[in-house]
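Taking it in order: structure first as structure tokens, then the write-up.
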Amino acid sequence: MKDQLIIFDTTLRDGEQSPGASMTKDEKVRIAKSLERMRVDIIEAGFPIASIGDFESVQAVAKAVKDSRICGLARALDKDIDRAGEALKPANASRIHTFIATSPIHMQMKLRMQPDEVVENAVKAVKRARQYTDDVEFSPEDAGRSDLDFLCRVLEAVIDAGAKTLNIPDTVGYNLPHQFGELIKNLRESIPNSDKAIFSVHCHNDLGLAVANSLSAVMNGARQVECTINGLGERAGNASLEEVVMAVRTRQDMFDCDTRLDTTQILTASRLVSGITGFVVQPNKAIVGANAFAHESGIHQDGVLKNRETYEIMRAEDVGWNTNRMVLGKHSGRNAFRSRLKELGIELESEEDLNSAFTRFKELADKKHEVFDEDIQALVSDTLTEDNERIRLISMRVCSETGEIPVANVTLAVDDNEVKTEMKGSGPVDAAFKAIESMVQSHTELQLYSVSNITSGTDSQGEVSVRLEKGGRIVSGQGTDTDIVIASAKAYINALNKMLLPADRAHPQV
Ligand code: KIV
Ligand code: ZN
């Protein structure tokens, strides 16, 4: 029997810390449900003390998910731990993850604490967290640049205080694989009570080594990996869940452990996260990129047709490609639509949401003959977000003609008041954005605008991502439509709505 490698997903916490990736409560619940379907062991749902919204999101995930353990992050502070304990109350199984920095630079410059005080605070935090749950994880932040002897001292003390998981973060992505593996081995061998805890790793990707470092740690005895869908996360991101899981699964000859994940759910989760956050997956991204299983050159194709193993080390269907691309059309009824939603794991809370999504499905099926799973995912995202937004697109007309300046006429509902205007622009999208901005007066800067197609073919829906900045705050918005100018307007409005939400959230590591 091989050991179990525990998969701890932090898309909703560390993933959300990347600028512009913030998610609403409903979006977090949808992602959490998709992780639960994938049989992820632990879902870090957020940092409850950050804001009321973050607290409610962790609570909502704890209520909605029953088969994965739900974790909340807390600094080594009483108020953080109490808030996490409170938010996790509805969970079937909960964990509190508490942390304090242990590297010289973090202790001196950020915490302004002496090493003794850090040990004292770490022990106190673990003991307090144990009052809420017997599953407590402790992280010495910036372990990758901490002194080994000091790390051993802190970790021994927190195990005695009741920590069951010791998570070793390479917070700034500084380590190299052999070095990080060695660190895990040294810690396990040097800490006298190390057999009482599970060693976990949490690697950042600043040097592109997050997955390699995580795997090296696993080879040296780590039995939990912290990771995110699509490698989303602070700066260059975290170790990507799909890469870690598929490396371990594909190279079972090299690992004495395996995960219990249903890998066929990987692609759906990847698309959901990228659709919600607007962080587009690059085509050559391992496992989930559009080209990951595409064979362009004739020589490769020939080899794959004769025997797929000539150029394929994994089966595309094992990670969710080419499975069940069930098509619905304009004659598909409500029941077919409802059961497809169910198969995709989409749960709409009210009959009203279902009606609204079904109306959109019919509109889409009228324009586009075949409606794919990806279209349905996007359509549900649009329905759930747009119905609750303060600014809504009512109608739009754009004229674009060779030799003429494009003009957009846009009608919006802003807090239920109808406003309309006409603006010119260098192109139809520019005209539409100018018209919207002139009515909303957001004074935001457009940082990124990108269009991609959801499925193939010119009748595909366009998926637009927009990133806006104002006073250092970054938000992103998404919109889909078969008309890319309308998709662009929806994305812009979605980002503006996010900018209107309260921004007073604490960052756990600053
Ligand atoms: O990168 C890091 O150190 C973290 C900790 C909070 C675990 O995210
Ligand atoms: Zn991190």
Side-chain angles (χ1 to χ4, degrees), residues 6-19 21-22 42-50 54 58 71-77 80-81 83-84 95-107 109-111 118 121-122 125-126 129 135-147 150-151 154-155 158 163-175 180 183-184 187 197-211 213-214 217 222 224-241 244 279 505-510:
I6 299 166
I7 296 298
F8 176 114
D9 180 279
T10 181
T11 308
L12 302 180
R13 198 278 296 170
D14 215 325
E16 205 205 16
Q17 281 174 218
S18 54
S22 66
I42 300 158
I43 300 173
E44 188 165 49
F47 177 47
I49 192 97
D54 288 73
V58 174
C71 176
L73 183 72
R75 292 166 296 191
L77 296 172
D80 282 35
I81 295 163
R83 203 73 180 133
R95 169 178 293 188
I96 294 180
H97 174 192
T98 185
F99 73 100
I100 189 163
T102 51
S103 63
I105 184 167
H106 275 231
M107 289 192 290
M109 311 304 290
K110 184 175 89 166
L111 299 175
V118 169
N121 278 280
V126 169
D135 189 334
V136 174
E137 170 173 327
F138 173 79
S139 292
E141 190 193 4
D142 204 16
R145 292 188 299 170
S146 299
D147 170 69
F150 182 58
L151 268 184
V154 179
L155 295 175
V158 295
K164 297 267 173 68
T165 302
L166 303 179
N167 178 46
I168 312 303
D170 182 18
T171 304
V172 290
Y174 178 69
N175 282 235
F180 197 62
L183 172 64
I184 301 301
L187 291 173
I198 289 175
F199 277 77
S200 163
V201 286
H202 174 112
C203 297
H204 279 270
N205 206 29
D206 300 66
L207 293 173
L209 294 171
V211 171
N213 285 344
S214 305
Q224 174 178 292
V225 173
E226 301 201 354
C227 44
T228 57
I229 300 289
N230 300 337
L232 193 69
E234 194 85 77
R235 305 179 309 280
N238 288 64
S240 122
L241 177 146
V244 169
F279 279 58
R505 313 172 67 198
H507 185 294
Q509 290 162 272
V510 180

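Remember, it's 1-based here, ligands and their atoms both numbered in the order they're listed. Just so it is clear, the model here is predicted, and its values are computed rather than measured.
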Between [X] and ligand 1, which part of the residue brings a heavy atom under 4.0 Å of the ligand: side chain, backbone, both or neither?
X     : result
Arg13 : side chain
Asp14 : side chain
His97 : side chain

* To do: Tell me, yes or no, whether the heavy-atom count around Tyr174 atom OH, taken from other residues, nucleotides or ligands under 6.0 Å, exceeds 12.
  =>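 Atom OH in Tyr174 is not packed in, count stays at 12 or less.
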* Could you tell me whether the side chain of Thr10 reaches within less than 4.5 Å of the side chain of His202, counting heavy atoms only? =>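 The answer is yes; the side chains approach within 4.5 Å.
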* **Side-chain touch Ser200/Ile6, heavy atoms, less than 4.5 angstrom** =>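 No, too far: nothing below the 4.5 Å cut-off.
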* With the Zn ion (ligand 2) as the apex, the NE2/NE2 angle for His204 and His202 - to 10° ->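 NE2 of His204, the Zn ion (ligand 2) and NE2 of His202 span an angle of about 100°.
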* Do me a favour and list the nearest non-hydrogen protein atom to atom 2 (C) of ligand 1 with residue, atom name and distance? =>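 Protein heavy atom at minimum distance: Gln509 NE2, 3.3 Å.
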* For atom 3 (O) of ligand 1, which protein heavy atom lies nearest, and how many Å away is it? ->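 For atom 3 (O) of ligand 1, the nearest protein heavy atom is Thr171 OG1, 2.6 Å.
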Counting N and O atoms only, with roles assigned by atom type, does the side chain of [X] sit under 3.5 Å from a partner on the main chain of [Y], one being a donor and the other an acceptor?
X      : Y      : value
Asn167 : Ser139 : no
Asp9   : Thr11  : yes
Ser103 : Ser146 : no

* Per-atom contacts, ligand 1 versus Glu141 - under 4.0 Å to a heavy atom ->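 Numbered from 1, ligand 1 contributes 3 (O).
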* Answer yes or no as to whether an N/O/S atom of Asp14 is found below 2.8 Å from the Zn ion (ligand 2). =>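 Short answer: yes, at least one N, O or S atom is under the cut-off.
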* Give yes if a backbone or side-chain nitrogen or oxygen of His204 is under 3.5 Å from a nitrogen or oxygen of ligand 1, and no if not. =>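 In this structure, His204 places an N or O atom under 3.5 Å from an N or O of ligand 1.
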* Looking only at N/O atoms, are His202 and ligand 1 under 3.5 Å apart anywhere? ->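 Yes, since at least one N or O of His202 sits under 3.5 Å from an N or O of ligand 1.
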* **Polar side chain donor-acceptor pair, Asn213 to Asn175, under 3.5 angstrom** =>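 There is no such pair between these side chains.
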